[in-house]
Protein chains: 2
Amino acid sequence: MTDAPPQTRIQARNRAIILEAGLEVFAARGFRGATLDRIAQSAGLSKPNLLYYFPSKEAIHVALLEQLLDLWLAPLRALDPEGEPRQEILRYVRRKLEMSRAHPRESRLFANEILQGAPRARPVLDRELKQLVDEKAALIARWSEAGRIGPVDPHHLIFSIWALTQHYADFDVQVRAVLGEADPFARAEAWLTRMFEAVLAPPG
Amino acid sequence: MTDAPPQTRIQARNRAIILEAGLEVFAARGFRGATLDRIAQSAGLSKPNLLYYFPSKEAIHVALLEQLLDLWLAPLRALDPEGEPRQEILRYVRRKLEMSRAHPRESRLFANEILQGAPRARPVLDRELKQLVDEKAALIARWSEAGRIGPVDPHHLIFSIWALTQHYADFDVQVRAVLGEADPFARAEAWLTRMFEAVLAPPG
DNA sequence: GTCTATAGTCTGATAGAC
DNA sequence: GTCTATCAGACTATAGAC
């Protein structure tokens, strides 16, 4: 959101190391469950040194949320008004699922934040997120009204894509316990493609 | 899972009060974020009195998880082999969504547990949950092979139902922020019905 | 059965030497 | 910039009076 202050090379590097360690620990244990001790250990730095680079535990968390949201919303931003509607939405689904596969820790960090009532992310949800979703929902609504895709509820279609793709990151433990299988993602992609093809099929 | 020991009326009542308070606090703040002080305050009891009824904070959490899982899996258990396949699955979807609406705290408590890697629920996932899902997935597979519903991946169909319905409880804050709307559930039910009708439509 | 008081531990953050 | 040492507060759990 705001630009970071200018940094030396070593500062930039240590900030990055701390954020990586913070991502690891916050994602696995939630904000409250994460301790500075553990983040410091994971980063290979001392606890006071952490607090030399970030003023507080919360500052690390906020920095992570900010850096995360750009990555997270990129696939939705990429939804192209000029593209072929079904291809665009299916590509969005696949990109979002790929995010869950490649970045499960980011997904869980975000899920933790929302689950706790979004104490730190609320303003971003109310403004940037709502604005982006409204814009893309309007686009999907136009596609639907033009009969290029089946009748859909645009907002809830987007929620469905979020829910279905993030499930494979956030509930990974449960999915693997039930399947007893190493990598659920190949079948997940085939199934999600099948689902959204069915619901997006144009009328007639 | 195990039977509770015999209790006087006042013991049963206080245990219930503590579990209700624990549900409230654990769901909102996660295991680590919940404190005995807060649970005690919410229950209207003193902190040592809490620990008279339960030996530890963890014991309260485990008791909640156990009591929760029966409720949680009831809709899936109710899937009837003798029923009309599409009606059965659609009814399951609606019941599960109704669970999210009526019991969001239970949903969030469970989501927290899974997100943290299911440290306390893992054995139940590996055994009871896997067994139940495998059994119901086999039923759905038979329906699909008989051509009574469209071709589906039974396990991932069940994951989809979980993901889509729990999203409205667990990500409630985000859903409401984006919609700026009081009650998303009416539209959610219409949309989920539409989605699953599309994907379950028999071939030809 | 319920309370007050408190033991013992952990945690976020700071002080100050180098 | 990084460290050791340490503080103040919060936390789970226990002891013991009533």
Side-chain angles (χ1 to χ4, degrees), chain A residues 4-66 109 112-113 116-117 119-120, chain B residues 4-66 109 112-113 116-117 119-120:
Chain A
Q7 296 169 18
T8 68
R9 211 167 300 130
I10 197 170
Q11 280 176 331
R13 182 165 173 278
N14 276 345
R15 284 179 62 96
I17 288 175
I18 292 168
L19 289 175
E20 159 64 25
L23 175 59
E24 183 72 26
V25 179
F26 282 127
R29 313 169 74 94
F31 180 78
R32 196 89 190 310
T35 66
L36 287 180
D37 266 324
R38 200 170 281 262
I39 297 172
Q41 185 187 357
S42 172
L45 297 171
S46 71
K47 195 162 47 160
N49 206 5
L50 238 62
L51 295 169
Y52 170 77
Y53 287 99
F54 291 89
S56 67
K57 173 179 169 179
E58 177 155 19
I60 303 176
H61 194 264
V62 169
L64 278 167
L65 276 178
E66 288 180 354
L109 178 70
N112 258 309
E113 169 71 8
Q116 318 280 311
R120 284 164 281 269
Chain B
Q7 296 169 17
T8 67
R9 211 167 301 131
I10 196 168
Q11 279 176 331
R13 182 164 173 279
N14 275 346
R15 283 180 63 96
I17 287 175
I18 292 169
L19 288 176
E20 159 64 26
L23 175 59
E24 183 71 26
V25 179
F26 282 127
R29 313 169 74 94
F31 181 77
R32 194 90 190 312
T35 67
L36 288 180
D37 264 323
R38 201 171 279 263
I39 297 172
Q41 185 187 358
S42 172
L45 298 170
S46 71
K47 195 160 49 163
N49 205 6
L50 238 63
L51 294 168
Y52 169 77
Y53 287 99
F54 291 89
S56 68
K57 172 179 166 177
E58 177 155 18
I60 303 176
H61 194 264
V62 169
L64 278 168
L65 276 179
E66 288 179 355
L109 179 71
N112 257 308
E113 169 70 9
Q116 319 278 312
R120 285 164 279 269

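These numbers come from the heavy atoms of this one structure, side chains and all, not from hydrogens, waters or symmetry mates.
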TODO: Give one of base, sugar-phosphate or nothing for B:Y53, where a contact means two heavy atoms less than 4.0 Å apart.
DONE: sugar-phosphate
Open item on the list: Looking at A:E20, I'd like to know if its CD atom is crowded, meaning that more than 12 non-hydrogen atoms belonging to other residues, nucleotides or ligands lie closer than 6.0 Å.
Closed with: yes
Open item on the list: Counting the atoms with a prime plus P, OP1 and OP2 as sugar-phosphate, which does B:A34 contact under 4.0 Å by heavy atoms, base, sugar-phosphate, or nothing?
Closed with: sugar-phosphate
TODO: Report the residue (A:K47 or B:E58) whose heavy-atom-nearest nucleotide on DNA chain D is the more 5′ of the two.
DONE: A:K47
TODO: Take atom CG of B:N49 and atom C1' of D:dT12, then tell me their distance rounded to the nearest Å.
DONE: 16 Å
TODO: Name the residue closer to the 5' end of DNA chain D, choosing between A:R32 and A:G44 according to the nucleotide with the nearest heavy atom.
DONE: A:G44
- [ ] Report the relative orientation of the aromatic rings in A:F31 and A:F26; use parallel for angles under 30°, tilted for 30 to 60°, perpendicular for over 60°.
- [x] parallel
Task: Contact interval (first through last nucleotide) of DNA chain C with protein chain B, 4.0 Å heavy-atom - done: C:dG1 to C:dT11
Open item on the list: Could you tell me how far apart A:L50 (CG) and D:dT4 (C1') are, to the nearest whole angstrom?
Closed with: 16 Å
- [ ] Check for a donor-acceptor pair, side chain of A:R120 on one end and backbone N or O of A:V62 on the other, with a separation under 3.5 Å.
- [x] no
Task: Atom pair CG/CD1 of A:L50 and A:I39 - distance to nearest 0.5 Å - done: 6.5 Å
Task: Length of the CG-P vector between A:L51 and D:dA5, whole Å - done: 18 Å
Open item on the list: Do A:R29 and A:R38 have side chains that approach each other closer than 4.5 Å (heavy atoms only, starting at C-beta)?
Closed with: yes
Open item on the list: Using five base pairs at each end to define the local axes, how bent is the helix from C:dG1-D:dC18 to C:dC18-D:dG1, to the nearest 10°?
Closed with: 10°
Task: Separation between OH of A:Y52 and CG of A:L45, rounded to the nearest 0.5 Å - done: 12.5 Å
Task: Side chains of B:H61 and B:L109 in contact at under 4.5 Å (non-hydrogen atoms) - done: yes
- [ ] Measure the shortest side-chain to side-chain distance between B:K47 and B:T35 over non-hydrogen atoms and say whether it is less than 4.5 angstrom.
- [x] no
